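Heads up: the structure comes next, in structure tokens.
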Amino acid sequence: MSLPVIDLSPFLDASSTSEDRAQVARSINHACTDFGFFYLTGHGIQQARLEEVISLARQFFALPLEEKNKIKRHDAGGLEGGDGARGYQGMGENVTQGKKDMHEAIDLYRQWDHGLAAEGTGGPGTRSTLQGSNLWPEEPKELKSTYLEYIDQLQTVGTALVRAMGQALDLPSPDPKTKANPMTEDSEIFVRNTAQSFWVMRLIGYPKLAAPISLDADITSLSCGEHTDYGCVTLLLADPTLGALQVLLKDGKTWLNADPIPGAFVVNIGDMIERWTNGLWKSTKHRVIHRGEGYRVSVPFFFEPNFESVVRPLKCCVKESGREPIHEGSTYGEHLLGKVFGNFY
Ligand SMILES: N=C(N)NCCCC[C@H](N)C(=O)O
Ligand SMILES: O=C(O)CCC(=O)C(=O)O
Ligand SMILES: [Fe+2]
């Protein structure tokens, strides 16, 4: 058993036909319904760029702690004046389900300068959080420029992917007479609500865990504990290490290794897609247990809704799912802040 592979090129290539795109949308619907995880090819980002991104992250983590701490994260996304949870976090600073994770990381967010937040959104105390400028390392020197270009490319891929996902929601029950679109009120809903995507990027370094580990022991850390991602879609780039990232299957007990395929992203859907689709597509649990060889590096890019986007189940999905709405609706920013505050030791 392995995860489905989806070729996104018809959504990036102007000369594709609508039938090509419909095929892709159908595959996405199956992948999101059955797994919530898939491999993405045909994204148009050069292999050499992907390798450079991993290599630069690896070079950063190999620096002395003193050098890495020059861009240390100082707060957990608190109120005015902080660095908006951006920067370097050392081993064990990130916490999942109350346990310290065995990884170090740099967190980058969409640039959000002070004073730009809209009024009256996000609830009390949330207006000015997560604002700030990214903290970029001085070494390796090419890291910043390479990552800025890479993030631009990823935003293009993310936009094409959520367009395809919107189209995928039209497919389950087309009206044979009118060929009208009974499912979505608007298949561009994801595109519109990610037009100012409050994206997150993490550069993560995982030392090999000491064996053996017990999954039950409260004190035992995983490389990254079981969790779901928070927003729309995660585009994960990882080095070739095998057996580290594991995905929980729909039976709720089998863990499947999501080993890397060279040149492909591992993609998974986040909590906001689950909410919009009223659970038709679930944000799938996953975890990282690195007991293989070497020091593992991964660079997930979280393509998320706009900070201020109000996310509530789409009427069409409530109908299709046959369930009551699973959420009353709130902004993505509120969901994110609830997560970020709980993430640090
Ligand atoms: N932006 C995202 N999705 N980051 C995932 C971080 C890993 C899990 C986190 N400590 C948690 O407990 O959620
Ligand atoms: O490193 C990985 O393979 C996955 C990391 C992850 O799940 C996350 O940061 O949300
Ligand atoms: Fe994750």
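Quick caveat, the model's predicted, so the values are computed rather than measured. Order of listing sets the numbers, starting from 1, for every ligand and every atom in it. The figures here come from the full heavy-atom set of this structure, side chains too, leaving out hydrogens, waters and symmetry mates.
Between Ile273 and Cys232, the closest heavy-atom pair is CG1-O, 3.4 Å. Closest approach of His335 to Asp271, counting heavy atoms only: NE2-OD2, 2.8 Å. Considering every non-hydrogen atom in both Arg291 and Lys208, the closest pair reads O-NZ, 3.4 Å.
The shortest N or O to N or O distance between Arg202 and ligand 1 is not under 3.5 Å. Annotation: His227 places no N or O atom under 3.5 Å from an N or O atom of ligand 1; distance criterion only. Note: no N/O pair closer than 3.5 Å links Gln97 and ligand 1 by distance alone. Below 3.5 Å of separation, one finds an N or O of Val95 facing an N or O of ligand 1. Backbone and side-chain nitrogen or oxygen atoms of Asn94 are examined, and one is located within less than 3.5 angstrom of a nitrogen or oxygen of ligand 1.
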* Could you go step by step and tell me if Thr284 and Asn268 meet the side-chain hydrogen bond (donor to acceptor under 3.5 Å, both in side chains) rule? -> CA-CA 7 Å; Thr284 299; Asn268 62 291; over 6 Å; no

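For the pair Asn306 (side chain) and Gln196 (backbone), a donor-acceptor distance under 3.5 Å is present.
Look at Glu66 and Lys68 and you find no salt bridge, because none of the NZ, NE, NH1 or NH2 atoms lies under 4.0 Å from a carboxylate O. Between Asp239 and Arg58 there is a salt bridge, with a side-chain nitrogen of the basic residue lying less than 4.0 Å from a carboxylate oxygen of the acidic one. A salt bridge is absent between Arg73 and Glu104; no separation between the charged side-chain nitrogens and carboxylate oxygens falls under 4.0 Å.
Partner Arg287 forms a side-chain hydrogen bond (donor to acceptor under 3.5 Å, both in side chains) with one of Gln97, Gln246, Glu226, His227 and no other, that one being Gln246. A ring pair (Phe, Tyr, Trp, His ring centres under 6.0 Å) with Phe198 is found for exactly one of Trp112, Phe303, Phe302, namely Trp112.
Residue contact check: Asp229 has heavy atoms under 4.0 Å from atoms 3 (N) of ligand 1.
For Val200, the heavy-atom gap to ligand 1 stays at 4.0 angstrom or more.
Shown here are the protein N/O/S atoms lying under 2.8 Å from the Fe ion (ligand 3), water excluded: His227 NE2, Asp229 OD1, His286 NE2.
Under the 30°/60° scheme for interplanar angles, the aromatic rings of Phe61 and Tyr88 are found to be tilted.
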Below 3.5 Å only, please: the N or O atoms of ligand 2 paired with protein N or O atoms, distance on each line.
unit_1	atom_1	unit_2	atom_2	d
ligand 2	1 (O)	Tyr206	OH	2.7
ligand 2	1 (O)	Arg296	NH1	3.0
ligand 2	1 (O)	Ser298	OG	2.7
ligand 2	3 (O)	Arg296	NH1	3.3
ligand 2	3 (O)	Arg296	NH2	2.8
ligand 2	7 (O)	His227	NE2	3.2
ligand 2	7 (O)	His286	NE2	3.1
ligand 2	10 (O)	His227	NE2	3.0
ligand 2	10 (O)	Asp229	OD1	3.1

